[in-house]
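What follows is a set of notes on a single structure, which appears directly below.
First the proteins, then the strands, lettered A, B, ... as listed; each starts at 1.
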Amino acid sequence: MTDLSAELLAWYDVHARRLPWRVPPQERRAGILPDPYRVWLSEIMLQQTTVAAVIPYFAQFTEAWPTVADLAAAPDEEVMSAWAGLGYYARARNLLKCARAVAAGDGHFPDTEAGLMALPGIGPYTAAAVAAIAFDRQATVLDGNVERVMARLHAVEEPLPDSKEALRAHAALLTPAERPGDHAQAVMDLGATICSPRSPACGICPWRAPCRARAEGIAAELPRKRAKAAKPVRLGYIYLARARDGAVLVETRPEKGLLGGMLGLPGSDWSAAPEPAPPLAADWRQAGEVRHTFTHFHLRLAVLVAGVPEGGPGFRQVPARAFPTVMRKAYLAGLAALETA
DNA sequence: GAGTCGTGGAA
DNA sequence: TTTCCAAGACT
């Protein structure tokens, strides 16, 4: 173990964040490891998602489905509905595929990176994270935190993603044979709490002394990233048809693509010049506009509403929370317009 | 390798 | 208001 690793672990022993899916360092040092199911579930939820956003979803999932066998046996729609609002819905579809693959095997998660990588939704980062955190394998995690910490520690000025393999090599050299799971969590905690993207707290960093970016006064500028393309604006029409009993016309979106597999309201395509596409003949009236921004475009939806005497095929009573956020916004805007009519 | 794929909070 | 971006994976 290098001095750097030892200093980081000493810092982690004192400053580790308490998180619902985590076994604290004191217990890990006594030989207690977390449930691989909980580690895996948390890592999938945490992909490109903040800890604060994940916490309530993690609580709900582990309450509803305490084991991987429970999750594997759950109906698709229940799981997709429970995931609604968390984003990146391919994660939820792959979550179920993965749980079912594990349950169809011996019921246990693989304890190696290669074995984990073979499962749906588990890529290089998540495989390393589960191997290290759940099984204390000497695996090197490389997420956004680790990239940032390594870029600063070694003053790597080449922009991402070109520098990724260099950063991975730096991270691998620091990964200790002892306590690799705590090391992985420690680097990420350091990145999340001290070596933060905008204003790093270098003054209290355990790696303050060896950090080259800090010495050069460029810590806050690293890692550099190539400029991103501007987001275009897309337009669309979306329709809320509501029966007297409160049922609304909904659809399950196709498995692939944006909001795949999620519940939605019917509507037009989303483009520069969409054609209106009412799902049924009715007295549609304007109920305002909903704006929403996705990863690579801005969306403005014209919401149209109509009250219909009776429902029919596709009409269901649906709680707002069952929709992905953009659909939830449209649904609530439409409901408000119907109320004031 | 470059695009696709969500969301909400912070600055 | 706009931009950035958070424990990435998949195609």
* Assess the side chains of A:Arg22 and A:Gln185: does a donor N or O sit below 3.5 Å from an acceptor N or O? => yes
* Check the side chains of A:Gln47 and A:Tyr125 for a donor-acceptor pair under 3.5 angstrom, ignoring hydrogens and angles. => no
Separation of [N] [atom2] from [X] [atom1] (nearest whole Å):
X	N	atom1	atom2	value
A:Tyr57	C:dA6	OH	C1'	15 Å
A:Lys231	B:dT7	NZ	C1'	11 Å
A:Arg328	B:dT7	CZ	C1'	10 Å
A:Asp143	C:dA6	CG	C1'	9 Å
A:Leu116	C:dG8	CG	C1'	15 Å
A:Lys329	B:dT7	NZ	P	8 Å
A:Leu86	C:dA6	CG	C1'	12 Å
A:His298	C:dC4	NE2	P	10 Å

* When the ring planes of A:His170 and A:His154 are compared, do they come out parallel, tilted or perpendicular, using 30° and 60° as the limits? -> parallel
Might you list the N or O atoms of the protein lying below 3.5 Å from N or O atoms in nucleotides 3-5 of chain B, with each pair's distance?
{"from": "B:dC5", "atom 1": "OP1", "to": "A:Leu258", "atom 2": "N", "distance (Å)": "3.4"}
{"from": "B:dC5", "atom 1": "OP2", "to": "A:His296", "atom 2": "NE2", "distance (Å)": "3.1"}

Given [options], which nucleotide is nearest the side-chain atoms of [X]?
X	options	answer
A:Thr325	C:dG8, C:dC4, B:dG8	B:dG8
A:Phe294	C:dG8, B:dT7, B:dA11	B:dT7
A:Tyr125	B:dA2, B:dT7, C:dG8	C:dG8
A:Pro124	C:dG8, C:dA9, B:dG6	C:dA9

* To do: Please check the phosphate of B:dA2 (OP1 and OP2 only) for any side-chain N or O of A:Arg226 closer than 4.0 Å.
  => yes
* Asked: OP1 or OP2 of C:dA6 sitting under 4.0 Å from any side-chain N/O of A:Gln48?
  -> no
Quick check: closest heavy atoms across [X] and [Y], and the distance to 0.1 Å?
X	Y	value
A:Ala272	A:Leu235	O-CD1, 3.7 Å
A:Arg226	A:Pro161	NH2-CD, 3.4 Å
A:Leu190	A:Cys205	CD1-SG, 4.1 Å
A:Pro324	A:Ala84	N-CB, 4.2 Å

* Asked: Is there a residue in residues 40-47 of chain A whose heavy atoms reach under 4.0 Å of DNA chain B, and which residues are they?
  -> none
* Structure fact -> Whichever of A:Ser199 and A:His292 has the more 5' nearest nucleotide on DNA chain B, that residue is A:His292
* Structure fact -> Between A:Thr50 and A:Pro161, whichever has its closest DNA chain B nucleotide further toward 5' is A:Pro161
* Between A:Lys256 and A:Arg148, just flag the one whose closest nucleotide in DNA chain C comes earlier from the 5' side. => A:Arg148
* Structure fact -> Between A:Gly191 and A:Arg291, the residue closer to the 5' end of DNA chain C by nearest nucleotide is A:Arg291
* Just wondering, do A:Thr193 and A:His15 contact through their side chains at under 4.5 Å, heavy atoms? -> no
* To do: Could you measure between the two P atoms, the one in B:dG8 and the one in C:dA9, and give it in whole Å?
  => 22 Å
* Could you tell me whether A:Leu142 contacts a base, only the sugar-phosphate backbone, or nothing, with contacts defined as non-hydrogen atoms closer than 4.0 Å? => nothing
* Asked: Base, sugar-phosphate alone, or nothing: which one does A:Val326 contact when heavy atoms must sit under 4.0 Å apart?
  -> sugar-phosphate
* **Reference residue A:Trp21; test ring-ring contact (aromatic ring centres under 6.0 Å, His included); the match among A:Tyr57, A:Phe58, A:Tyr37, A:Trp40** => A:Phe58
* To do: Assert yes or no for the condition that the ring centre distance of A:Phe297 to A:Phe294 is strictly below 6.0 Å.
  => yes
* To do: Start with the C-alpha distance between A:Arg179 and A:Arg28, add both sets of side-chain angles, then the distance that settles side chain to side chain contact (heavy atoms under 4.5 Å, CB included), and finish with yes or no.
  => CA-CA 8 Å; A:Arg179 303 179 63 192; A:Arg28 289 187 65 103; over 6 Å; no
